[in-house]
Every structure is written in C-alpha cells, then in structure tokens.
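All values below were derived from every heavy atom in this structure, side-chain atoms included, with hydrogens, water molecules and symmetry-related copies excluded. All figures in this text were calculated on a predicted structure; none of them were measured in a lab. Residue numbers begin at 1 in each chain, while the letters A, B, ... track the order of the sequences.
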Amino acid sequence: MAYNERVLDHYENPRNVGSLDKNDPQVGTGMVGAPACGDVMKLQIRVDDQGVISEAKFKTFGCGSAIASSSLVTEWLKGKSLDEALLIKNQQVAEELALPPVKIHCSVLAEDAIKTAVADYRQKQKSMG
Amino acid sequence: MDTAFCPTCQVIQPTTGNVDYFRLFSLQFSFSLAVEQLEENYQSLQRQFHPDRFASRSATERRLSLEHVTRINQAYQTIRDPLLRSEYLLERLGYRVADPGQSEPQDPAFLMEVMEQREALEAVDLSAAGAAQQLGRMREETERCLEQDEAQLARLFASCLPAEAGREAVCAPELRQQIVRVNHRLRYHRRFLEALDQAEENISEQGV
C-alpha cells in the first residue's frame with residue numbers, strides 16, 4: 001500500500017519518540033493496543049504546575065500509520081491543557097494524515113491513548129489528594 | 001461435499017455460499033485438531049477436484065473445479081493455522097475479530113508485557129557476539145507462550161462448543177470474551193515471533 005507523504009514523514013522522522021518515568025506523579029501514561037493487528041502504543045504526557053502539557057513522548061510498535069498517528073498527536077499535545085487534549089479526535093488525525101479507511105483504527109488508537117494518559121495522570125493526582 | 005456433484009449426472013456443481021470449513025473436512029467443530037484426519041481428507045478432496053481431472057471437460061466444469069480447489073485450500077490454510085482457526089471458530093460463534101473500530105476491553109498489564117518484550121528486543125545489539133543466543137532465548141520463551149495460548153484456547157473452546165455435529169455452536173458471552181482475550185494474546189505473541197524473525201535476518205545479513 002502506498003503511504004501518504006505526511007504519514008511517511010512522521011514514520012521516517014518520528015517526533016518525540018521515547019519514554020518518561022511512569023512513576024513520576026507529573027506524568028500520565030496511556031497504554032493501548034489494537035488486538036486485531038497486534039499493535040501496541042504507549043503515550044506519555046508530562047503536566048506542569050499550571051496543568052499544561054509540557055512534554056509528550058510515545059513508543060509504538062505497529063504499522064507506519066500507527067507510528068505516524070502517535071507521532072502527530074505528541075506534537076499536538078504540547079502546550080495544551082488536559083481538557084483541550086481530550087478534544088483531539090481521531091477524525092482530525094485521520095484527516096491530517098489522509099489515512100485510508102483500513103487504517104482509521106490507528107487514529108482511534110491515538111485518541112484512546114490520549115484519553116488513557118489523561119485519566120492516568122488525573123488518577124495519580126487524585127490519589128495524592 | 002455431497003452437493004459438489006450432481007447426484008444423477010455426476011457433473012461438478014458450483015460451490016455453495018457458506019460451507020463450514022470443519023464440515024468440509026469431516027472434522028468436529030473444535031480448536032483441538034485431528035491433524036491426521038485433516039491431512040487425509042484434504043488430500044482426498046484435492047484429488048477429487050484437481051483441475052487435471054477436468055482437463056477434457058467443458059470450460060465451465062474446469063472453472064468450477066478450480067473454484068472448489070481454491071475453497072478447499074483456503075479452508076485448509078485456515079484450519080491448519082492456530083490463530084486463523086481460533087478466529088474462524090470465533091466468527092462461527094458470531095464474533096468477528098477483524099472488525100475495525102469495535103471497542104475492545106483493554107488489558108493494560110498484558111499490553112505492558114508486550115511493550116517490555118518489544119523494548120527488550122529493541123535493546124539487543126545485533127552486532128554483538130551474543131545477539132543470536134539472546135534472540136534464541138526470546139524465541140524459546142515466546143514459543144512457550146504460544147503453546148500456553150493454544151492450550152488455553154483448546155480448553156475454552158471445548159467448554160463452549162457442543163461435541164455433536166449438526167447442532168449450532170453456542171457460547172456464553174463471558175466465555176467468549178475470555179476466548180477473545182486469549183486469541184489476542186496469541187496474535188501478539190505471533191507478531192513478536194515475526195519481529196524476532198526479522199531481527200535474526202538482520203543478524204545474518206550483517207554476518208555476510
């Protein structure tokens with residue numbers, strides 16, 4: 001299958017690959033998988049004292065579209081508040097990368113990863129009181 | 001395959017829409033496979049429908065024999081492979097694994113395990129002397145996981161499928177959910193094995 005240029009760019013030069021310390025209270029981790037194809041995606045955000053995402057990292061083992069989707073959302077996440085982050089929808093990701101219908105689930109994965117990371121961060125903050 | 005040939009004129013007939021792959025090979029609807037019986041019935045069907053046998057027949061009959069052979073091969077590949085077999089059984093139970101966008105209950109602990117496995121593989125220095133042994137150990141471990149997955153699937157499918165042929169298969173929703181989960185593990189482990197293959201290939205390329 002021929003990949004779109006923007007997908008290729010994110011695939012060949014993925015932004016923000018890496019890990020943050022998942023035990024850091026300022027860090028939220030989202031781990032999601034696409035069981036139907038065996039992909040796994042880890043998305044992490046660091047939230048500063050103002051509640052703004054200062055850093056976002058990802059690690060994805062999967063197809064080019066899954067890597068591109070997670071790379072793209074890490075770029076979008078930086079500088080956003082948590083509520084703004086939750087407004088990122090898979091349709092925007094799919095549109096930006098011009099994903100074909102069979103690859104839409106990769107963008108869904110990225111959206112789920114954001115939700116899970118934000119929920120993880122909020123859970124941590126709550127348990128700290 | 002009783003309907004594959006006309007009972008009176010013995011001429012080959014078109015394939016019918018939705019044949020059960022297990023019934024095609026006279027196998028029980030089960031994850032545990034009677035391998036010998038499958039091989040035997042596969043060979044005999046192959047012989048029965050082989051295009052060579054229809055070489056002197058009409059174009060239509062030749063085409064039909066090809067259709068049958070194609071379907072027999074597809075059924076054989078599906079039943080032979082544990083992952084495809086599991087997904088086929090699930091499909092017959094009303095669950096389509098490949099449906100994109102269906103929301104799956106995630107298993108974070110397992111996903112973490114997958115991520116760690118992947119990271120460990122990524123950390124292997126393929127140019128180092130011990131790389132092949134390291135990959136070999138990972139392979140052994142993954143193969144053990146695959147065996148476990150398959151054993152679990154056999155047990156789970158056995159508790160939801162009636163042994164008698166002819167009766168529709170039934171499965172409680174909770175049980176099916178369990179099967180789906182193990183099926184996904186199987187897929188992840190298979191994918192990891194492919195990644196190991198790739199890494200081993202990269203080593204041998206470096207060696208040249």
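Residue Val114(B) comes nearest to Val40(A) through the heavy atom pair CG1-CG1, 3.7 Å, listed as atom of the first residue, atom of the second, then distance.
Summarising the local packing, OH of Tyr42(B) is surrounded by more than 12 heavy atoms from other residues, nucleotides or ligands at distances under 6.0 Å. Counted within 6.0 Å of NZ on Lys89(A), heavy atoms from surrounding residues, nucleotides or ligands total more than 12; the atom is thus considered enclosed. For Glu75(A), the CD atom counts as densely surrounded, since its 6.0 Å shell holds more than 12 non-hydrogen atoms of other residues, nucleotides or ligands.
Only the side chain of Arg187(B) has a heavy atom closer than 4.5 Å to any heavy atom of chain A. The contact between Ser19(A) and chain B is made entirely by side chain atoms (from C-beta outward), counting heavy-atom distances below 4.5 Å. Only the side chain of Glu122(B) comes within less than 4.5 Å of a heavy atom of chain A; its backbone N, CA, C and O stay farther away.
Considering only heavy atoms from C-beta on, Glu119(B) comes within 4.5 Å of Lys42(A) through its side chain. Using a 4.5 Å heavy-atom cutoff, the side chains of Asp39(A) and Arg191(B) are in contact.
For the atom pair Lys59(A) NZ and Met115(B) CE, the distance stands at 7.5 Å (nearest 0.5 Å). Of the inter-residue distances, the one linking Thr29(A) atom OG1 with Met112(B) atom CE reads 7.0 Å to the nearest 0.5 angstrom.
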